[in-house]
Enquirer: 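Pasting a structure here, questions to come.
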Amino acid sequence: MHPLKFKPILKERLWGGTKLKEVFGKPIESDITGESWELSTVPGDISVVANGSLEGKSLQELIDSNGEELLGKSVVERFGKEFPILIKFIDAKQDLSIQLHPNDALAKERHNSFGKTEMWYIMDADPKAELIVGFNKDVTKEEYAESVANDMLLDLLNYEQVKEGDTFFINTGKIHAIGAGVMLAEIQQTSDVTYRVFDFNRKDKDGNLRELHTDLALDAVDYEKKDDFKVSYSQEKNEVNTMVDCPYFKTNFIELTENLELDTVNRDSFTIFMCVGGKAKISTAEGEVAIKSGETALLPASTQKISLQSTGAKLLEVTI
């Protein structure tokens with residue numbers, strides 16, 4: 001199976017903008033496009049191959065017919081015929097709603113879904129752009145509920161100014177929001193379960209307030225102040241630099257000033273490359289694919305050797 005690129009699945013969002021087109025050349029026509037789903041098997045939003053002999057096939061079709069070759073035996077044993085992560089690029093022209101995600105147990109019980117652990121790599125940020133990540137002090141469930149009821153939640157939250165290259169790990173239960181002027185790459189468990197708890201009292205195009213999930217969130221929130229979200233990672237050029245290694249995904253940072261060969265013969269997992277800067281050519285024994293900033297490639301678990309060819313690309317390498 002050759003290296004695969006997929007057609008982006010573009011999502012209009014109340015808070016979205018036009019950078020996905022202006023910066024990455026995504027085929028959008030709307031002025032409020034907030035997300036480009038790069039790899040997805042979420043029902044109703046299943047990625048379709050855009051290159052090579054498998055063009056037109058869906059990611060789900062490939063998993064159904066060639067599960068172990070594509071995903072890896074251990075991944076199939078753990079997740080079955082579901083692609084276990086969802087890959088996105090996000091453009092926040094306005095602040096996103098303040099939200100959190102339940103853990104696996106709660107999501108399974110309530111929604112028959114996985115929970116949603118995720119990470120963000122900041123690709124671009126306007127001056128003084130920021131994220132909300134966690135609380136600025138330990139709070140009780142009662143304090144939190146009172147602040148939500150009285151529109152005072154913002155006073156309890158932790159704000160982080162960001163710049164290109166900053167990376168954040170958002171575990172389940174952590175309250176968070178992407179701020180206006182931030183464009184980022186997101187890697188997350190396959191789940192679309194989000195508890196929205198505050199939306200700045202905004203109205204959608206029909207004049208309606210968006211649904212909040214304040215009651216559901218009460219038992220899902222992590223109320224402790226924890227400084228465990230900012231990812232510190234080395235940035236040695238032409239090396240594989242570990243960023244995040246969690247039960248749901250592993251992400252490495254690779255900055256290329258010359259070609260790099262990767263031996264993956266013992267890797268029992270697919271490999272994803274998200275290009276977060278520059279451009280690169282990815283070659284295997286089965287074929288090659290070119291990606292540029294804002295594009296993604298999926299390589300099957302059967303791949304034994306990967307050649308990365310570039311003199312200026314920044315890549316996120318994602319496996320299970």
Side-chain angles (χ1 to χ4, degrees), residues 1-11 20-21 24-28 35-89 185 187 190 249-252 254 256 259-276 278-310 313 315-320:
M1 197 180 296
H2 60 76
L4 303 166
K5 289 176 74 172
F6 292 83
K7 298 175 183 177
I9 300 169
L10 302 167
K11 297 285 188 178
L20 293 175
K21 179 179 182 179
F24 298 150
K26 299 290 182 184
I28 67 174
E35 301 184 3
S36 175
W37 290 22
E38 299 289 299
L39 281 173
S40 168
T41 55
V42 173
D45 290 301
I46 297 178
S47 297
V48 173
V49 178
N51 71 309
S53 61
L54 296 171
E55 183 176 358
K57 295 277 190 182
S58 78
L59 178 53
Q60 192 63 63
E61 284 180 87
L62 297 181
I63 293 171
D64 290 342
S65 60
N66 302 90
E68 288 192 7
E69 179 188 355
L70 179 59
L71 300 182
K73 183 177 180 181
S74 64
V75 177
V76 171
E77 288 174 351
R78 186 174 168 197
F79 297 101
K81 293 295 183 74
E82 183 168 6
F83 197 68
I85 53 179
L86 176 58
I87 299 290
K88 303 177 182 177
F89 293 110
I187 299 152
T190 289
F249 51 80
K250 300 173 184 176
T251 304
N252 301 315
I254 303 173
L256 299 169
N259 297 346
L260 181 65
E261 303 289 326
L262 301 177
D263 183 349
T264 56
V265 68
N266 294 318
R267 178 177 292 175
D268 189 21
S269 165
F270 57 85
T271 303
I272 297 165
F273 289 104
M274 301 183 78
C275 189
V276 294
K279 59 184 178 180
K281 186 166 73 173
I282 302 168
S283 301
T284 71
E286 289 73 33
E288 64 182 40
V289 67
I291 59 173
K292 59 182 176 62
S293 188
E295 292 186 338
T296 304
L298 172 65
L299 278 63
S302 58
T303 302
Q304 298 192 350
K305 186 171 288 188
I306 301 169
S307 175
L308 302 176
Q309 299 155 49
S310 177
L315 304 172
L316 304 184
E317 180 193 41
V318 185
T319 62
I320 293 290

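Computed from heavy atoms alone, side chains included, the values below leave out hydrogens, waters and symmetry copies. Position 1 is the first residue of the sequence, and the numbers go up from there.
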Enquirer: Report the C-alpha separation of Val49 and Asn51 in whole Å, then their side-chain angles, then the decisive distance to 0.1 Å, and conclude whether the side-chain contact (heavy atoms from CB on, under 4.5 Å) test is met.
Expert: CA-CA 6 Å; Val49 178; Asn51 71 309; 3.7 Å; yes

Enquirer: Looking at side-chain heavy atoms only, is the closest gap between Ile282 and Leu308 below 4.5 Å?
Expert: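 When only atoms from C-beta onward are counted, Leu308 and Ile282 do touch, with a gap below 4.5 Å.
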
Enquirer: Under 3.5 Å, is there a donor on one side chain and an acceptor on the other for Ser307 and Gln309?
Expert: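 The criterion, which ignores hydrogens and geometry beyond distance, is satisfied for Gln309 and Ser307.
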
Enquirer: Among Thr296, Leu316, Ile291, find the residue that satisfies the side-chain contact (heavy atoms from CB on, under 4.5 Å) test when tested with Cys275.
Expert: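 With Cys275 as partner, Thr296, Leu316, Ile291 yield a single side-chain contact (heavy atoms from CB on, under 4.5 Å), made by Ile291.
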
Enquirer: Determine the minimum heavy-atom distance between Leu315 and Val276, stating which atoms define it.
Expert: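 Closest approach of Leu315 to Val276: N-CG2, 4.3 Å.
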
Enquirer: Can you find a pair of side-chain heavy atoms, one from Ile272 and one from Glu38, that are under 4.5 Å apart?
Expert: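 The answer is no; the side chains never approach within 4.5 Å.
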
Enquirer: Between Asn259 and Ser310 (side chain of the first, backbone of the second, donor and acceptor by atom type, cut-off under 3.5 Å), is there such a pair?
Expert: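 At least one qualifying donor-acceptor pair exists.
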
Enquirer: Looking only at heavy atoms, which two atoms of Thr190 and Phe83 are closest? And how far apart?
Expert: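 Reported closest heavy-atom pair: OG1-O, 2.6 Å.
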
Enquirer: If you measure from OG1 on Thr284 to NZ on Lys305, what distance do you get to the nearest 0.5 Å?
Expert: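 Going from the OG1 atom of Thr284 to the NZ atom of Lys305 covers 12.0 Å.
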
Enquirer: List in chain and number order the residues that pass salt bridge (Lys or Arg N to Asp or Glu O under 4.0 Å) with Glu288, two or more places apart in sequence or in another chain; answer none if no residue qualifies.
Expert: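 Glu288 satisfies salt bridge (Lys or Arg N to Asp or Glu O under 4.0 Å) with Lys281 only.
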
Enquirer: To the closest 0.5 Å, what do you measure between CG (Asp268) and CD (Glu77)?
Expert: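 The distance works out to 8.0 Å.
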
Enquirer: Check whether any side-chain heavy atom of Leu62 lies under 4.5 Å from a side-chain heavy atom of Leu4, and answer yes or no.
Expert: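 Yes, their side chains come closer than 4.5 Å.
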
Enquirer: With a 3.5 Å distance limit and no angle check, can you tell me whether Glu69 reaches the backbone of Met1 through a side-chain donor-acceptor pair?
Expert: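 Checking the backbone N and O of Met1 against the side chain of Glu69, a donor-acceptor pair under 3.5 Å is found.
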
Enquirer: In sequence, state the C-alpha distance, the side-chain angles, and the governing distance for Leu70 and Leu298, and then conclude on side-chain contact (heavy atoms from CB on, under 4.5 Å).
Expert: CA-CA 9 Å; Leu70 179 59; Leu298 172 65; 4.1 Å; yes

Enquirer: Atom CD of Glu317 and atom CZ of Phe273: how far apart are they, to the nearest 0.5 Å?
Expert: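 It comes to 4.5 Å.
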
Enquirer: For the OG atom of Ser302 and the NZ atom of Lys73, what is their distance to the nearest 0.5 Å?
Expert: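 These two atoms lie 15.0 Å from each other.
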
Enquirer: Check whether Thr319 reaches the backbone of Ser269 with its side chain - one donor and one acceptor, N or O, closer than 3.5 Å.
Expert: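 Not a single qualifying donor-acceptor pair exists.
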
Enquirer: Can you see which heavy atom on Ala185 is nearest to which on Met274, and at what distance?
Expert: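 Of all heavy-atom pairs spanning Ala185 and Met274, the closest is CB-CE, 3.7 Å.
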
Enquirer: Out of curiosity, Ser36 OG to Ile87 CD1, how far, rounded to the nearest 0.5 Å?
Expert: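 Output value for this atom pair is 11.5 Å.
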
Enquirer: Please evaluate residues Ile9 and Lys7 with respect to the criterion side-chain contact (heavy atoms from CB on, under 4.5 Å), reporting the C-alpha separation (whole Å), side-chain torsions for both, the decisive distance (0.1 Å), and the verdict.
Expert: CA-CA 6 Å; Ile9 300 169; Lys7 298 175 183 177; over 6 Å; no

Enquirer: Judged by atom type as modelled, is there a donor-acceptor pair below 3.5 Å linking the side chain of Lys5 to the main-chain atoms of Ala290?
Expert: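 Side chain of Lys5 to backbone of Ala290: a pair is present.
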
Enquirer: Could you check whether any side-chain heavy atom of Leu71 comes within less than 4.5 Å of a side-chain heavy atom of Phe79, counting everything from C-beta outward?
Expert: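 A side-chain contact is absent here, since even the closest heavy-atom pair is not under 4.5 Å.
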
Enquirer: Are Arg267 and Val265 side-chain neighbours, meaning at least one heavy-atom pair lies under 4.5 Å?
Expert: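 No, their side chains stay 4.5 Å or more apart.
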
Enquirer: Taking all non-hydrogen atoms of both residues, which atom of Ser47 and which atom of Phe6 are closest, and how far apart?
Expert: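 Minimum heavy-atom contact is CB-CD2, 3.6 Å.
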
Enquirer: So with a 6.0 Å cut-off around NZ of Lys26, is the heavy-atom count from everything else above 12?
Expert: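 Yes, because the 6.0 Å sphere around NZ of Lys26 holds more than 12 heavy atoms from other groups.
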
Enquirer: Using salt bridge (Lys or Arg N to Asp or Glu O under 4.0 Å) as the criterion, list what pairs up with Lys292, not counting sequence neighbours.
Expert: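 Expected list: Glu295.
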
Enquirer: Do the side chains of Ile85 and Phe270 get nearer than 4.5 Å, heavy atoms only?
Expert: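 Yes. Closest side-chain heavy atoms under 4.5 Å.
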
Enquirer: Measuring from atom CG of Leu59 to atom OG1 of Thr41, what distance do you get when rounded to the nearest 0.5 angstrom?
Expert: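 Reported to 0.5 Å precision, the distance equals 6.0 Å.
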
Enquirer: How far apart are the closest heavy atoms of Ser40 and Asp45, and which atoms are they?
Expert: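 Taking Ser40 first and Asp45 second, the nearest heavy atoms are OG-O, 2.5 Å.
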
Enquirer: Walk me through it: do Thr303 and Thr271 pass the test side-chain contact (heavy atoms from CB on, under 4.5 Å)?
Expert: CA-CA 9 Å; Thr303 302; Thr271 303; over 6 Å; no

Enquirer: Mark yes when over 12 heavy atoms from residues, nucleotides or ligands other than Lys279 sit less than 6.0 Å from its NZ; otherwise mark no.
Expert: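 Atom NZ in Lys279 is not packed in, count stays at 12 or less.
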
Enquirer: Do you know the tightest heavy-atom contact between Leu10 and Pro27?
Expert: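 Residues Leu10 and Pro27, closest heavy atoms: CD1-O, 3.5 Å.
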
